[in-house]
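Structure first, then comments.
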Amino acid sequence: MRTVDLIEKKVERGELTSEEIAFLIRGFLDGTVPDYQMAAMQMAIVFNGMTDREATDLTMEMMHSGEVVDLSDLKGVKVDKHSTGGVGDTTTLVIAPLVAACGGTVAKMSGRGLGHTGGTLDKLESIPGTQVEIPLDRFRRIVDNIGVAVIGQSGNLDPADKKMYALRDVTATVRSIPLIAASIMSKKLAAGADAIVLDVKVGSGAFMRTREEGAKLATLMVEIGRRVGRKVVAVLSDMNQPLGLAVGNALEVREAVELLSGRIPEGDPLYEICMLLGTKMLRLSELAESDAEARAKLQAALQSGAGLKKLQQMITAQGGDASYLCMERIDALCKTKEVVPVYPTKEGYLYAIDTERVGTAAQLLGAGRATKADAIDPSVGLVMKKRVGDRIRKDEPLCVIYSNDPKKTAVSIETFLGAMTISDEQPEKRPMVYDVIGDAN
Ligand code: URA
Ligand code: CA
């Protein structure tokens, strides 16, 4: 087999066989397929796509390129959730403990933020002492004891994805539905979950900008799961504004604690997406017979404080100081040198938000990284005061910025204001959820 012939085949819109895909991925990892040939192949895939069968073979080959975690000795259905990445998306910190408080087994491997998107590991590390690089045997013990742990991916998980993603990042080949689906699903499958709930984000703060693209990605990931015998449900949700109000690490932990303390009402977008994802996790875990029963269980765990207690237990087990995780003390994690309200330059309605730019405004304060080597300032970020569709008045702030550096504050304010479109016209109301795909109901 020659790599050049396989590239030629994909350029001619041919379908690669399982053997050909295995040859490519194994060769790329052992160095016999050089970067330039892999880059050419990825570009051909960007333009000519893959069949579901090819995408499934690619996923399986990537999954088996490194360690495959076996959680089968743990009790119950091991359920994971994954978001394709967004802004103000604090759902994991809420639903991982809430689902565990309802009897679920949540063994979750998360990522860090890069660019404008936040990452769960960075949020967890804003709680003093919390460890996310935890060896697998200790991870297993924590899940076994309390039903939930959230850690970083172990070093040898899916090396094919690490190498392919690095190449995609610098060759403009990230935005391909089969490549994204294989990248996400190979990592999730290697991490050992029996059931996976995917939150596929669509809009100005997400990879997938349109609902159609998002639906294609979600459908393909559900299909890959089906073909390999795992239960996968995908929720297609809106990312045309930050999901929660807080954007920043400790600020998002504070919002999660507020939600778990019953301070955020039903109908709020973060609340509703958490309930929907949690509902699907409980259904896949076979802990509820209907969506209504699952939601009632989640709400009971929220109202009794069992969800917050589970988060505190998890943080304690991961070495962190859980005494901050209550309404009385959480503000101590969000202390910054300045807290600056940002006022609009004109009145009207908040018509649209460039959500990626809001993420960038928080990142510029130090809430995120521009390169992998950058350090994060856990306390900085911003809290939105208005949502799309709200009436905007000159004396009411659009957001409040938490900053430790006045120079950064100025740049962040400018970026933030550039992300807001204020109009005399009121925008049409958008749904929070566009679709649920792969649902057994
Ligand atoms: N997230 C991933 O893990 N992989 C992609 O390709 C895109 C988003
Ligand atoms: Ca359905």
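Each ligand, and each atom within it, is numbered from 1 in the order the structure gives. Worth saying up front: this structure is predicted, and the values here are computed from it rather than measured.
Remark: ligand 1 atoms within the under-4.0 Å shell around heavy atoms of K187 are 2 (C), 3 (O), 4 (N). Close approach of ligand 1 to S183 is summarised as follows: ligand atoms under 4.0 Å from at least one heavy atom of the residue are 2 (C), 3 (O), 4 (N), 5 (C), 6 (O). Within ligand 1, the atoms closer than 4.0 Å to a non-hydrogen atom of R168 are 6 (O), numbered from 1 in the order shown. Listed by number with element, the atoms of ligand 1 under 4.0 angstrom from any heavy atom of F207 are 7 (C), 8 (C).
Side-chain contact check for T105 and K75: no donor-acceptor pair (N or O, by modelled atom type) lies under 3.5 Å.
For the pair Y402/L382, no side-chain contact is recorded, criterion being any heavy-atom separation below 4.5 Å from C-beta on. Two residues are said to be in side-chain contact when any heavy atoms from C-beta on lie closer than 4.5 Å; R112 and R369 meet this criterion. Within the 4.5 Å cutoff, the side chain of E266 has heavy atoms near those of the Y271 side chain.
Ligand 1 does not have T84 within reach: every non-hydrogen atom of the residue lies 4.0 Å or more from it.
Within the cation-pi definition used here (under 6.0 Å to the ring centroid, within 45° of the axis), K201 does not qualify as a partner of F207.
Nearest protein heavy-atom contact of atom 1 (N) of ligand 1 is I184 CG1, 3.8 Å.
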